[in-house]
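Read through the structure below, which is laid out as structure tokens, and then see the notes.
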Amino acid sequence: MTDASAPVTPTELGKLSRALPFWLSLGLVPLVWLTAIYGGWTLVLVPLATWYLFSALDAALGVYTGNADLDASDDDMFWYRAITIIWTPVQVLMLLSLLWYVPQAEHLSGWEKFWVFFGVGVITGTVGINYSHELMHQKSKLERRMADILLATVLYSHFRSEHLLVHHRYVATPRDPVTARYNESFFRFYPRVLKQCWHSAFNAEKAMLARKKLAWTDRSNPFWMYWMLQAGFAIAAIALGGFTGLALFLVQAGVAIWQLELVNFIEHYGLTRKHLGDGKYEHVQPRHSWNAAHKASNWLLINLQRHSDHHYKPDRRFPVLQTYGPDEAPQLPFGYPVMTMLAMVPPLYRRVMNPRVRQWRDKYYPEITDWQPYNKSTNPHPR
């Protein structure tokens, strides 16, 4: 089913009823508390809801190809902005309260406690990191700080620096660690980005300070804030739940990071900008990110799947991100929930995606006959 409706006017966009589907993420909070209270079979509810329920809804509801009017103001987007701002205190309260409750819950076995916090990590990764991504792109200092708080809860604060200073600037080139290479499996990609992204983020901040003739140790380096916020949450985990609380905190952080990098893996898999020679690359276009117009998973992920437009115009808030047809951007066959599950089975993922990458190459770059430097990421780094 495809809904190719006319552009949504600012007045229509501003209605609460239109924004409400994006508030579905709040329903995951009582769901994870239900798993903590009852344990047992309820432990499957959070992964079932985020991965399988939204996949089923995508299959039932199809895609939505309508676009909002780009003249919409922040006031028109009030109800959309509100969910991303509300989420920060909601997530912090959810996490800290469960770190107090679960370690002392005698009705839960050790494995049940682990799986409760696996579910917490699914939420803090699928929703929390995604919302932090929206917030970090805004000009408001409040929204940026909320992004930092959300990332600190999963011990991945450097993602902000890496994403803004490295990924957006160098996407689809050898200098971007997060662009998954053609034929690369997630199990090769994951350890590579865990190492490379931290270093690239730190080096980017260090280089910015050097241009101001400041050392990396200068207090303006955001890594000091990152480390303090992360240490604060780790100390809070110990204070609330002892070393069991700390272990559970680390479990949810690990799951959240895994969720993020699964999404990073699929967003640009096999897509590359053309090397023009002498370390120069073509400008970023919608064709350099995979697009997905699936309605339900875009509700859950606040239009992150309109990724082609996000990279083309990174300053757009999520309600006005545009979707593109197959003539302008490559299309994923499924929404992110299904695609991330496929990514965990590399032969199946390659079977689905490699033909699409080859079709993309034939369509946009028929003049390139040797793709090995792109496949192996051996082209010169951009200047």
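All heavy atoms count here, side chains included; hydrogens, waters and symmetry mates do not.
- A cation-pi arrangement, defined by a distance under 6.0 Å to the six-membered ring centre and an angle within 45 degrees of its axis, is absent between R192 and F187.
- H168 has its ring centre less than 6.0 Å from the ring centre of H311.
- A donor-acceptor pair shorter than 3.5 Å can be found between the side chains of R175 and Y170.
- In this structure, the side chains of F22 and P319 stay at 4.5 Å or more apart for every pair of heavy atoms.
- In this structure, H133 and H310 have perpendicular ring planes: the angle between them is above 60°, well past the 30° mark.
- Centroid-to-centroid, the aromatic rings of Y190 and F265 stay 6.0 Å apart or farther.
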Next on the checklist: Apply side-chain contact (heavy atoms from CB on, under 4.5 Å) to residues N291 and L332 and explain how you reach the verdict.
Outcome noted: CA-CA 6 Å; N291 189 71; L332 289 175; over 6 Å; no
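- With hydrogens and angles left out, the side-chain atoms of T126 and Y336 include no donor and acceptor closer than 3.5 Å.
- Contact detail for D58 and K295: the closest heavy-atom pair is OD1-N, 3.7 Å.
- Judged by distance alone, the side chains of T124 and Q252 do bring a donor and an acceptor atom under 3.5 Å apart.
- The shortest distance between side-chain heavy atoms of I83 and W79 does not fall below 4.5 Å.
- Taking both residues in full, the closest heavy atoms of F189 and T179 are given as CE1-C, 4.5 Å, listed atom of the first, atom of the second, then distance.
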Next on the checklist: Using the rule given for side-chain contact (heavy atoms from CB on, under 4.5 Å), can you reason through R18 versus Y80, listing the C-alpha separation, both sets of side-chain angles and the distance that settles it, and then say yes or no?
Outcome noted: CA-CA 9 Å; R18 195 163 192 101; Y80 304 87; 3.5 Å; yes
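- Contact of the V29 side chain with the W87 side chain is registered, since non-hydrogen atoms from C-beta on lie closer than 4.5 Å.
- For the pair R287 and W360, the cation-pi test (distance below 6.0 Å, angle within 45°) is failed.
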Item to check | Intermediate values then yes/no, side-chain contact (heavy atoms from CB on, under 4.5 Å), V90 and L26 | outcome: CA-CA 8 Å; V90 166; L26 288 175; 4.3 Å; yes
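- Of the charged side-chain nitrogens involved, none lies within less than 4.0 Å of a carboxylate oxygen, so that R169 and D176 do not count as a salt-bridged pair.
- Counted by atom type alone, N221 and E205 present zero donor-acceptor pairs between their side chains at under 3.5 Å.
- Taking a cutoff of 4.0 Å between a charged side-chain nitrogen and a carboxylate oxygen, K212 and D218 do not qualify as a salt bridge.
- The residues D148 and R145 are annotated as salt-bridged, a charged nitrogen and a carboxylate oxygen being separated by less than 4.0 angstrom.
- The ring of Y269 has its center closer than 6.0 angstrom to the ring center of Y349.
- If you look at W216 and F202, their ring centroids are closer than 6.0 Å.
- W224 places a side-chain N or O within donor-acceptor distance of the main-chain N or O of T217, the cut-off being under 3.5 Å.
- Ring centroid separation for the pair H268 and H167 comes in under the 6.0 Å cut-off.
- Using modelled atom types, one finds a donor on one side chain and an acceptor on the other under 3.5 Å when comparing Y365 with E282.
- Shortest non-hydrogen contact noted between A234 and L246 is O-CD1, 4.0 Å.
- Screening H163, E143, R316, R144 for a side chain to side chain donor-acceptor pair (under 3.5 Å) involving H137 leaves a single residue, H163.
- Between the S161 side chain and the A201 main chain, no donor and acceptor come within less than 3.5 Å of each other.
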